[in-house]
S.K.: 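Sharing a structure here in structure tokens format.
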Amino acid sequence: MTETLGLRERKKRQTRSLISDVASGLFMQRGFDNVTVAEVAEAAGVSTKTVFNYFPRKEDLFLDRYPEAVELVTQAVRERADGESPLAALRRLFLGMLREGHPLGGIAPGYEVFWQVILDSPALRARTRELVEEFEGVLAGLFAEAAGSDPAGSAGPAGSAGPVEPAGPADPAPRLAAALVVAAYRAVYVASIDRIRAGDPVHDVIADRMVLLDRALLAVERAVAAF
């Protein structure tokens, strides 16, 4: 039974990856708004219904790694070493992804095309903003869970760390910490994108981004500790 479920899950992941890869290729060739879900389905050799079974929204075909991002930060915070703070665990995760060239690190040769597709599509820009807000909620839920508190009366959206039982009055600290992490990460990320679009060598940008991100997240830790 375990082997059967394992095979089924692998096939589902392969199908999801195939659909997303085909969609991303079409979007980068023709632009997000110029490609229909039906065209993606035909190119991937599946039905339109199958596409929507894996991706309820067209935008998520292109922004398909969001669930993986949630999984990675959840694992980093929940499985952090004894004595390591949630913020330190996230800093270790983010810097490690940059060092390893992980796709979610967000900086690699050829990423200019990916960013341009998003910039050219109002729908993708709007969905990106929604996911950033959702991600902030995920972080707030994780921080509250780690502290045994309630993030200002909310456990975050579906797909976050899950409901957190309040340990007293609503505590704004987890929400503040999450907002600061997202702001710091986004500021460094956008600066990196601007440099690459201006023609700076990718390796130089990555090296500088690691230094800036390390400093920014350390500053967030100090700010949260003083709150």
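Worth knowing before you read on, the calculation uses all heavy atoms, side chains too, and leaves out hydrogens, waters and symmetry mates. Along the sequence shown, residues carry numbers from 1. Predicted model only: the values in this text are computed from it and were never measured.
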S.K.: When rounded to the nearest 0.5 angstrom, what is the spacing between CZ in Phe94 and CG in Leu72?
M.R.: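 If we round to the nearest 0.5 Å, Phe94:CZ and Leu72:CG are 9.5 Å apart.
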S.K.: Could I get the full list of ring pair (Phe, Tyr, Trp, His ring centres under 6.0 Å) partners for Phe32, not counting sequence neighbours?
M.R.: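 For Phe32, the residues satisfying ring pair (Phe, Tyr, Trp, His ring centres under 6.0 Å) (neighbours in sequence not counted) are Phe27.
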S.K.: Would a 4.5 Å heavy-atom cut-off, applied to side chains only, mark Leu18 and Tyr54 as touching?
M.R.: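 No, too far: nothing below the 4.5 Å cut-off.
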S.K.: Looking at Tyr185, I'd like to know if the NZ or CZ of Arg91 sits under 6.0 Å from its six-membered ring centre while staying within 45 degrees of the ring's axis.
M.R.: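 Relative to the ring axis of Tyr185, which defines the angle, Arg91 lies outside at least one limit.
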S.K.: If you look at every heavy atom in Val40 and Val22, which pair is closest and at what distance?
M.R.: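 Closest approach of Val40 to Val22: O-CG1, 4.1 Å.
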S.K.: Backbone N or O of Arg65 within a donor-acceptor pair of the Glu68 side chain at under 3.5 Å?
M.R.: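 Not a single qualifying donor-acceptor pair exists.
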S.K.: According to the salt bridge (Lys or Arg N to Asp or Glu O under 4.0 Å) rule, which pairs have a member within residues 46-56, sequence neighbours left out?
M.R.: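 Pairs touching residues 46-56 that pass the test: none.
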S.K.: Mind checking the CZ-CD1 spacing from Arg209 to Ile206? Nearest 0.5 Å is all I need.
M.R.: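 The CD1 atom of Ile206 is 8.5 Å from CZ of Arg209, to the nearest 0.5 Å.
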S.K.: Using every non-hydrogen atom in the two residues, find where Lys58 and Asp33 come nearest and quote the distance to one decimal.
M.R.: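 So the minimum-distance heavy-atom pair works out to NZ-CA, 4.2 Å.
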S.K.: Any chance you could measure Asp64, atom CG, to Ser17, atom OG, to the nearest 0.5 Å?
M.R.: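 OG of Ser17 is found 7.5 Å from CG of Asp64.
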S.K.: Do Phe143 and Leu87 come within less than 4.5 Å of each other through their side chains, counting heavy atoms only?
M.R.: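 Touching, per the 4.5 Å side-chain cut-off.
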S.K.: Keeping the roles fixed (side chain from Arg80, backbone from Val77), state whether a donor-acceptor pair exists under 3.5 Å.
M.R.: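 Here the side-chain-to-backbone pair exists.
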S.K.: Between the main-chain N or O of Gln116 and the side-chain N or O of Arg197, is there a donor-acceptor pair closer than 3.5 Å?
M.R.: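 Checking the backbone N and O of Gln116 against the side chain of Arg197, no donor-acceptor pair under 3.5 Å is found.
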S.K.: Begin from the C-alpha positions of Arg129 and Glu133 and carry the test salt bridge (charged side-chain N to carboxylate O under 4.0 Å, His left out) through to its verdict.
M.R.: CA-CA 6 Å; Arg129 288 192 293 270; Glu133 292 178 1; over 6 Å; no
S.K.: My understanding is that only residues two or more places apart in sequence, or in another chain, count here; which of them pass side chain to side chain donor-acceptor pair (under 3.5 Å) with Arg92?
M.R.: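 Listed in chain order: Glu84.
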S.K.: Leu119 and Val35: same hydrophobic cluster, using ILVMFWY side-chain contacts below 4.5 Å?
M.R.: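 No, no single cluster joins them.
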S.K.: Decide whether Val188 and Leu218 are clustered together by the hydrophobic rule: side chain heavy atoms of Ile, Leu, Val, Met, Phe, Trp, Tyr closer than 4.5 Å, transitively.
M.R.: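 Each belongs to a different hydrophobic cluster.
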